[in-house]
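In what follows, a single structure is set out as structure tokens and then discussed.
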Amino acid sequence: MEDSWNKAIDEMRAANSVAPGLRRYRLGQTTFGMLETAIHEAFWPDWDRLKAAWGELVEDPDEYVRTSATDWLRSIATYQARVVDLDSVRRGSFLRPGANLILSGGYSPAQPWWLQGRTHYEASFVGFLSVDEGEMPVAIVEFTETLNLVRADGHKHSGRYGLLNLSFIDNDWTKPPQRVEVFVVKHPPDDAYHFRARFPEADSVESHAVLDIAPAKGGGHAGT
């Protein structure tokens, strides 16, 4: 199903419509949860395209599809309406400078490729980076070692830092654990413009990793 999910993303982007993904869902080639994620992979972070995509489904003959589309549009409206104050996010977040963290898991139930056979990576929290108005800031972490990851297609991701973007648009940084999209970088960017320009969604190493506070007890090296 994962291959069909990836194809659905490409087809929806090319068509600027959810129709190709919906067709694969109705043929049983993806689950509805996979279709939901594919829609956001295809159109995020363009709010207008994302809303238009879900808007295509609000009158679908399938009641479950209609209800889900309506719920997503409501969540998007709520998300866009909120005012994100960076100081308030810092005060209310479970993330504090120097906090020890672990990153594990992924979207696929199989062993995520980015973990390279490990159970997790260890990192410490550095700070937040403001992105666009109304969006939760990106978290910057420093891994305990430099990561050198190579995809099956040969694409390399190397760096000591991670940029963590919340996977779900209606989540925030108030409590762990959180699902996050992970970008591996040599040096974190200084501003939102460079984040969007240098790190498109397709360049992340994982879209649904799990971020949590590391256990208080002492332990070995990351992934041991």
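Every heavy atom of this structure was used, including side-chain atoms; hydrogens, water molecules and symmetry mates were not.
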*Given Leu50 and Ile39, is the side chain to side chain contact (heavy atoms under 4.5 Å, CB included) satisfied, shown in steps?*
CA-CA 8 Å; Leu50 188 58; Ile39 289 172; 4.1 Å; yes
*asked:* Minimum heavy-atom separation for Pro20 and Ala15, please, with both atom names.
replied: CG-CB, 4.0 Å
*How about Val180 and Leu103: do any of their side-chain heavy atoms sit closer than 4.5 Å?*
yes
*Which side chain to side chain donor-acceptor pair (under 3.5 Å) pairs, counting each pair once, include a residue from residues 87-97, with sequence neighbours left out?*
Asp85-Ser88, Asp87-Arg90, Ser88-Arg91
*Linking I/L/V/M/F/W/Y whenever any side-chain heavy atoms sit under 4.5 Å apart, do Phe32 and Leu27 land together?*
no
*Looking only at side chains, do His155 and Asp203 share a donor and an acceptor under 3.5 Å apart?*
yes
*Glu11/Arg24 salt bridge by N-O under 4.0 Å criterion*: yes
*Applying side chain to side chain contact (heavy atoms under 4.5 Å, CB included), run through Thr174 and Phe94 and close with a yes or a no.*
CA-CA 6 Å; Thr174 54; Phe94 68 93; 6.0 Å; no
_Pairwise distance OG(Ser158) to CG(Leu149) - rounded to 0.5 angstrom_ = 8.0 Å
*Any side-chain heavy atom of Phe128 sitting closer than 4.5 Å to one from Ile140?*
no
*Look up atom CG in Leu129 and atom CG in Leu164, then write down how far apart they are to the nearest 0.5 Å.*
11.5 Å
_Testing the basics here: between Thr146 and Arg160, what is the closest heavy-atom pair and its distance to 0.1 Å?_
N-CD, 3.6 Å
*Which heavy atom of Ala69 sits nearest a heavy atom of Leu57, and at what distance?*
CB-CB, 3.7 Å
*Indicate whether any N or O donor in one side chain lies under 3.5 Å from an N or O acceptor in the other, for Glu56 and Ser17.*
yes
*Report yes or no: does Arg13 contribute a side-chain atom to a donor-acceptor pair with the main-chain N or O of Glu41 at less than 3.5 Å?*
yes
_Test of ring centre spacing under 6.0 Å for Phe143 and Tyr161_ = no
_Short N-O contact, Asp60 and Arg26, less than 4.0 angstrom_ = yes
*Run the ring-centre check on His157 versus Trp114 and record whether the distance is less than 6.0 Å.*
no
_If you define the side chain from C-beta out and look only at heavy atoms, does anything of Ser130 sit under 4.5 Å from Val138?_
no
*Find the distance between CG (Asp62) and OH (Tyr25) and round it off to the nearest 0.5 Å.*
5.0 Å
*In Å and rounded to the nearest 0.5 Å, what is the CE to CD1 distance from Met34 to Ile9?*
8.5 Å
_Distance-minimising heavy-atom pair for Gly106 and Pro112_ = N-CG, 3.8 Å
*Which is it for Tyr121 and Leu147 under the side chain to side chain contact (heavy atoms under 4.5 Å, CB included) test, yes or no, and what are the steps along the way?*
CA-CA 9 Å; Tyr121 291 108; Leu147 273 57; 4.0 Å; yes
*Over all heavy atoms of both residues, which pair between Asp172 and Gln178 is shortest? Give the atoms and the distance, please.*
O-NE2, 3.0 Å
*Test side chain to side chain contact (heavy atoms under 4.5 Å, CB included) applied to Lys7 and Asp10, step by step*: CA-CA 5 Å; Lys7 289 179 179 177; Asp10 293 338; 5.7 Å; no
_Close side-chain approach of Lys51 and Trp72, heavy atoms under 4.5 Å_ = no
*For the pair Trp5 and Tyr107, evaluate ring-ring contact (aromatic ring centres under 6.0 Å, His included) and give the outcome as yes or no after the intermediate values.*
CA-CA 12 Å; Trp5 176 73; Tyr107 181 81; 5.2 Å; yes
*Between Glu145 and Arg118, does at least one N-O distance fall below 4.0 Å, as a salt bridge requires?*
yes
*Check Ser167 against Ser207 and note the closest heavy-atom contact, atom names and distance.*
OG-O, 2.6 Å
*Regarding Glu122 and Asn100, is there a side-chain donor-to-acceptor distance under 3.5 Å anywhere?*
no
*Set of salt bridge (Lys or Arg N to Asp or Glu O under 4.0 Å) partners for Arg66, sequence neighbours left out*: none
_Hydrophobic cluster membership, Ile213 vs Val89, 4.5 Å side-chain cutoff_ = yes
*For the pair Arg74 and Asp71, find out whether any cationic side-chain nitrogen is under 4.0 Å from an anionic carboxylate oxygen.*
yes
*Going only through I, L, V, M, F, W and Y residues with side-chain contacts under 4.5 Å, is there a path from Val182 to Met136?*
yes
*With side chains defined as the heavy atoms from C-beta onward, is the minimum distance between Leu211 and Pro176 less than 4.5 Å?*
no
_Let me check something: do Phe43 and Leu166 share a hydrophobic cluster, defined by ILVMFWY side-chain heavy atoms less than 4.5 Å apart, either directly or through other members?_
yes
*With a 4.5 Å limit on heavy-atom distance, are the side chains of Phe183 and Val205 in contact?*
no
*Donor + acceptor pair across side chains of Arg49, Asn16 (<3.5 Å)*: yes
_Rounded distance (nearest 0.5 Å) linking atom CD of Glu142 with atom OG of Ser124_ = 5.0 Å
*State yes or no: do Val18 and Ile76 share one hydrophobic cluster built from I, L, V, M, F, W and Y residues joined by side-chain heavy-atom distances below 4.5 Å, directly or via other members?*
yes
*Without swapping roles, check the side chain of Ser104 against the backbone of His120 for a donor-acceptor pair under 3.5 Å.*
no
*Say you draw a straight line from CG of Asn171 to CG of Asn165; how long is it, rounded to the nearest 0.5 Å?*
11.0 Å
*side chain to side chain donor-acceptor pair (under 3.5 Å) between Trp113 and Glu206: does it pass, once the steps are laid out?*
CA-CA 9 Å; Trp113 77 271; Glu206 175 54 56; 5.4 Å; no
